[in-house]
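What follows is a short report on a single structure.
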Amino acid sequence: MSLSHSGTMVAAAVSDGAVGVDVQRQRPVRPGLIERYFAGVWGDARGRAEADAIELWSCMESAAKLTGLGIARFLREHVLHAEGSGWRVEASPATAEGLLAFTRVLWSDDRYVLSVASGRPGAIVEVRWFDADSASSASSS
């Protein structure tokens with residue numbers, strides 16, 4: 001199980017395996033911050049990362065939650081690769097080899113981004129979210 005909140009949005013994810021969920025409020029990101037935080041992790045996905053910085057941050061947060069690492073350690077030790085509508089997360093060669101997680105944006109609008117990470121493709125994940133401002137909720141598998 002994994003929980004996240006940002007602004008008025010709350011999200012929860014439950015899975016039959018390891019899972020991480022993150023919700024982020026949309027906001028402008030200065031280019032200097034992108035370089036500072038993403039330079040070591042974006043692998044072959046740099047152009048996409050610059051265009052979708054909040055989505056990338058949300059995906060990194062969900063993957064960090066999946067692994068149980070803090071975000072600072074996660075940023076030092078992992079590399080993201082664009083894969084379809086999501087990201088493949090790998091441990092950096094200096095720390096370990098192999099696939100760590102699949103993470104993807106589950107839902108996005110002009111206010112929030114919601115992402116989920118699982119330890120394997122096709123994992124069964126139930127995600128529910130609630131926005132107190134609009135008093136609406138939704139879910140996805």
Side-chain angles (χ1 to χ4, degrees), residues 1-31 33-141:
M1 181 176 146
S2 182
L3 301 171
S4 182
H5 67 88
S6 180
T8 61
M9 183 74 71
V10 177
V14 178
S15 179
D16 62 343
V19 67
V21 68
D22 186 67
V23 63
Q24 293 290 324
R25 192 175 58 224
Q26 292 276 22
R27 60 195 174 277
V29 178
R30 293 179 306 187
L33 291 177
I34 293 170
E35 282 293 330
R36 179 177 175 192
Y37 289 107
F38 300 159
V41 298
W42 55 32
D44 58 356
R46 183 180 182 134
R48 184 169 164 192
E50 290 171 336
D52 303 319
I54 295 296
E55 289 187 5
L56 175 57
W57 185 264
S58 183
C59 285
M60 288 190 306
E61 284 274 3
S62 67
K65 289 179 180 183
L66 172 83
T67 65
L69 301 174
I71 192 67
R73 182 172 171 196
F74 179 84
L75 289 170
R76 283 193 310 271
E77 298 179 4
H78 297 87
V79 178
L80 302 174
H81 299 280
E83 185 167 284
S85 63
W87 303 90
R88 185 178 76 246
V89 182
E90 296 177 352
S92 74
T95 58
E97 289 188 26
L99 177 68
L100 175 68
F102 290 94
T103 184
R104 65 189 173 97
V105 172
L106 189 63
W107 172 76
S108 180
D109 67 9
D110 61 342
R111 295 177 52 230
Y112 291 97
V113 172
L114 175 71
S115 66
V116 64
S118 62
R120 64 187 193 282
I124 298 170
V125 178
E126 177 77 16
V127 180
R128 296 181 183 259
W129 61 92
F130 178 79
D131 184 354
D133 270 351
S134 65
S136 65
S137 64
S139 67
S140 180
S141 295

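Annotation for Ser62 and Val116: closest pair OG-C, 3.8 Å, computed over non-hydrogen atoms.
Looking at Val23 and Val10, their side chains never come closer than 4.5 Å, going by heavy atoms from C-beta outward. Using a 4.5 Å cut-off on side-chain heavy atoms (C-beta onward), Arg111 and Asp131 make contact. In this structure, the side chains of Val19 and Val14 stay at 4.5 Å or more apart for every pair of heavy atoms. Contact of the Ser2 side chain with the Leu66 side chain is not registered, since no non-hydrogen atoms from C-beta on lie closer than 4.5 Å. Trp129 is listed as a side-chain neighbour of Val127, based on a closest heavy-atom distance under 4.5 Å. Between Val113 and Ser108, some side-chain heavy-atom pair lies under the 4.5 Å cut-off.
Under the side chain to side chain contact (heavy atoms under 4.5 Å, CB included) criterion, Ile71 pairs with Trp57, Met60, Glu61, Ala64, Phe74, Leu75, sequence neighbours left out. Partners of Asp16 according to the side-chain hydrogen bond (donor to acceptor under 3.5 Å, both in side chains) rule, which considers only residues two or more places apart in sequence or in another chain, are Arg120. For the side chain to side chain contact (heavy atoms under 4.5 Å, CB included) test, residues two or more places apart in sequence or in another chain that qualify with Arg73 are Leu69, Arg76, Glu77. For Arg25, there are no side-chain hydrogen bond (donor to acceptor under 3.5 Å, both in side chains) partners two or more places apart in sequence or in a different chain.
A donor and an acceptor atom, one from each side chain of Asp22 and Ser58, are located under 3.5 Å apart.
Side-chain atoms of Gln26 come within 3.5 Å of backbone atoms of Asp109 as a donor-acceptor pair (strictly under, hydrogens ignored).
One distance of note links CD of Gln24 with OG of Ser4; it measures 6.5 Å at 0.5 Å rounding.
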